[in-house]
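Every number for a ligand or one of its atoms is a count from 1 in the order of the listing. The structure presented is a predicted model; accordingly, all values stated were derived computationally and were not measured.
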Amino acid sequence: MTRIGIFGSRGRMGAAIATVIPMLGATYAGGADVGDDSAALAGASDVLVDFSSPTALGEHLTAARLAGTPILIGTTGLDGSHQAMVDDAAREIAIIQAANTSLGINFLAAMVEQAAARLGNDWDVEVVEMHHRHKVDAPSGTALLLAQAAANGRGKSLPELSRFDRFDSTDPREPGTIGFASLRGGSVAGDHMVVLAGEGERIELGHRAESREIFARGAVKAALWLAGKSAGRYSMADVLGL
Ligand code: NAD
């Protein structure tokens, strides 16, 4: 059985992943958190998952490289320098870096990219999301991921197309742009809908997350897929065979 080790094991995602590992037929190799021995965990694992902090990324990648152990990075908030570290490590080990490990969201992103590509600019794209009342950032990282997929489909960059606020605008909608709406309230784990609005018809592609277990399940499935792979940077789309 594949042995999966967890960096950030005392966190919410770490706990959720440890619960899911045996459900999906893998073995929990152990966990490491602040102050623990990352290298020892990397050596005892066939594959690692990291849901900790951007500040820990360097240490975790070094441990994975030294042990030659593939690693899935689920930690968010990575900047360009972190991405460069991931690229560098991917020359020696297999890596997936994914800000959202839900299989459903990654499949939805592929559908959005295809729809945006095939339907052309006269279909307006808007991304609507709703989360619980405690969420502090807007739009959600997943809304941005879905908008990025639409921008990819249109062969454009997201900063070029995104329109986050129309509050002060008195102009009609600019063709080809991607708008956002963020709703906050209650205990909603995460709803996302991408609306493609054409003349006289509308397509709504949506996803509803019921709990954080979906990220844990997707992470474990991706880790099982990654174990034993040769060096390189892979994506959740590769895991889904897209
Ligand atoms: P959390 O705060 O509950 O847990 C983070 C854990 O990492 C803590 O136990 C903390 O002690 C540990 N940690 C911090 N610095 C560390 C270090 N230097 N070495 C080892 N461990 C360290 O947070 P969470 O909700 O479990 O989320 C963790 C990360 O995963 C965040 O970046 C979050 O945004 C991300 N996340 C990603 C997905 C996804 O689908 N990819 C889903 C949910 C959360």
Side-chain angles (χ1 to χ4, degrees), residues 4-21 24 28-42 44-45 47-67 69 71-79 81-83 85-86 95-110 129 131-132 134-146 148-149 187-192 207-226 233-240:
I4 302 178
I6 302 175
F7 288 134
S9 54
R10 289 199 285 275
R12 286 165 292 188
M13 279 303 297
I17 291 168
T19 305
V20 164
I21 284 173
L24 295 184
Y28 180 39
D33 208 286
V34 177
D36 296 336
D37 186 347
S38 309
L41 178 64
S45 306
V47 60
L48 294 154
V49 297
D50 183 359
F51 285 77
S52 59
S53 157
T55 56
L57 183 69
E59 180 192 329
H60 294 162
L61 285 175
T62 300
R65 272 170 106 151
L66 288 174
T69 308
I71 182 167
L72 168 105
I73 313 284
T75 306
T76 61
L78 306 185
D79 63 20
S81 69
H82 296 118
Q83 295 295 348
M85 288 161 69
V86 174
I95 301 187
I96 292 175
Q97 181 266 313
N100 188 313
T101 50
S102 145
L103 298 180
I105 283 290
N106 283 283
F107 192 75
L108 176 62
E129 52 105 345
H131 284 86
H132 53 84
H134 303 293
K135 189 167 178 64
V136 290
D137 54 318
S140 68
T142 300
L144 292 170
L145 179 156
L146 293 170
Q148 180 67 63
S187 56
V188 179
D191 290 354
H192 292 87
H207 177 271
R208 293 183 199 278
E210 291 166 12
S211 77
R212 71 174 50 239
E213 194 187 304
I214 62 167
F215 307 116
R217 283 186 166 273
V220 172
K221 287 197 172 172
L224 288 170
W225 180 92
L226 194 62
R233 204 168 164 159
Y234 302 90
S235 68
M236 291 301 293
D238 296 323
V239 176
L240 287 164

May I ask you to list the atoms of ligand 1 that are less than 4.0 angstrom from any heavy atom of S53?
-> 14 (C), 15 (N)
S140 and K135: which non-hydrogen atoms are nearest, and at how many Å?
-> CB-CE, 3.7 Å
Contact check, D33 vs ligand 1, heavy-atom distance below 4.0 Å = yes
Where on R212 is there a heavy atom closer than 4.0 Å to ligand 1, on the side chain, on the backbone, on both, or on neither?
-> side chain
Evaluate whether atom OH of Y28 has more than 12 neighbouring non-hydrogen atoms of other residues, nucleotides or ligands under 6.0 angstrom away.
-> yes
Which is closest to atom 43 (C) of ligand 1 in terms of heavy atoms, M236, M13, R12?
-> M13
Do any nitrogen or oxygen atoms of A98 lie less than 3.5 angstrom from nitrogen or oxygen atoms of ligand 1?
-> yes
Least distance between heavy atoms, S45 atom then L41 atom | OG-O, 2.7 Å
Could you tell me whether T75 and ligand 1 have an N or O pair separated by under 3.5 Å?
-> no
Is it true that H60 lies under 4.0 Å from ligand 1, counting heavy atoms only?
-> yes
Please say whether more than 12 non-hydrogen atoms of neighbouring residues, nucleotides or ligands are located less than 6.0 Å from CZ in R10.
-> yes
In terms of residue, atom name and distance, what is the protein heavy atom nearest to atom 29 (C) of ligand 1?
-> S52 O, 3.8 Å
T101 N/O to ligand 1 N/O under 3.5 Å = yes
Protein residue, atom and distance nearest to atom 34 (O) of ligand 1, heavy-atom basis = T76 OG1, 2.5 Å
Show your working on side-chain hydrogen bond (donor to acceptor under 3.5 Å, both in side chains) between T55 and S53 and close with a plain yes or no.
-> CA-CA 5 Å; T55 56; S53 157; 2.8 Å; yes
What do we get for F51 next to ligand 1 when only non-hydrogen atoms under 4.0 Å count, side chain, backbone, both or neither?
-> both
Numbered atoms and elements of ligand 1 in range of N100, under 4.0 angstrom, heavy atoms = 39 (C), 40 (O), 41 (N)
All heavy atoms of S102 vs all of H207, minimum pair found to be OG-NE2, 3.7 Å
Non-hydrogen atoms of S52 and G8 that approach each other most closely = CB-CA, 3.9 Å
Among non-hydrogen protein atoms, atom 16 (C) of ligand 1 lies closest to V34 CG2, 3.6 Å
Atoms in ligand 1 flagged as close to A56, the criterion being non-hydrogen separation under 4.0 Å | 16 (C), 17 (C), 18 (N), 19 (N)
In terms of ring plane angle, is the pair F7 and H60 parallel, tilted or perpendicular, where the classes change at 30° and 60°?
-> parallel
N/O to N/O below 3.5 Å, does that happen between G11 and ligand 1?
-> yes
Donor-acceptor pair, T101 side chain versus F215 backbone, under 3.5 Å?
-> yes
How far apart are the closest heavy atoms of V20 and R217, and which atoms are they?
-> CG1-CA, 3.9 Å
At a 4.0 Å cut-off, with the gap strictly under it, does some heavy atom of A99 reach an atom of ligand 1?
-> yes
Short N/O distance, under 3.5 Å, between G74 and ligand 1?
-> yes
Which heavy atom of L145 sits nearest a heavy atom of N100, and at what distance?
-> CD1-CB, 3.9 Å
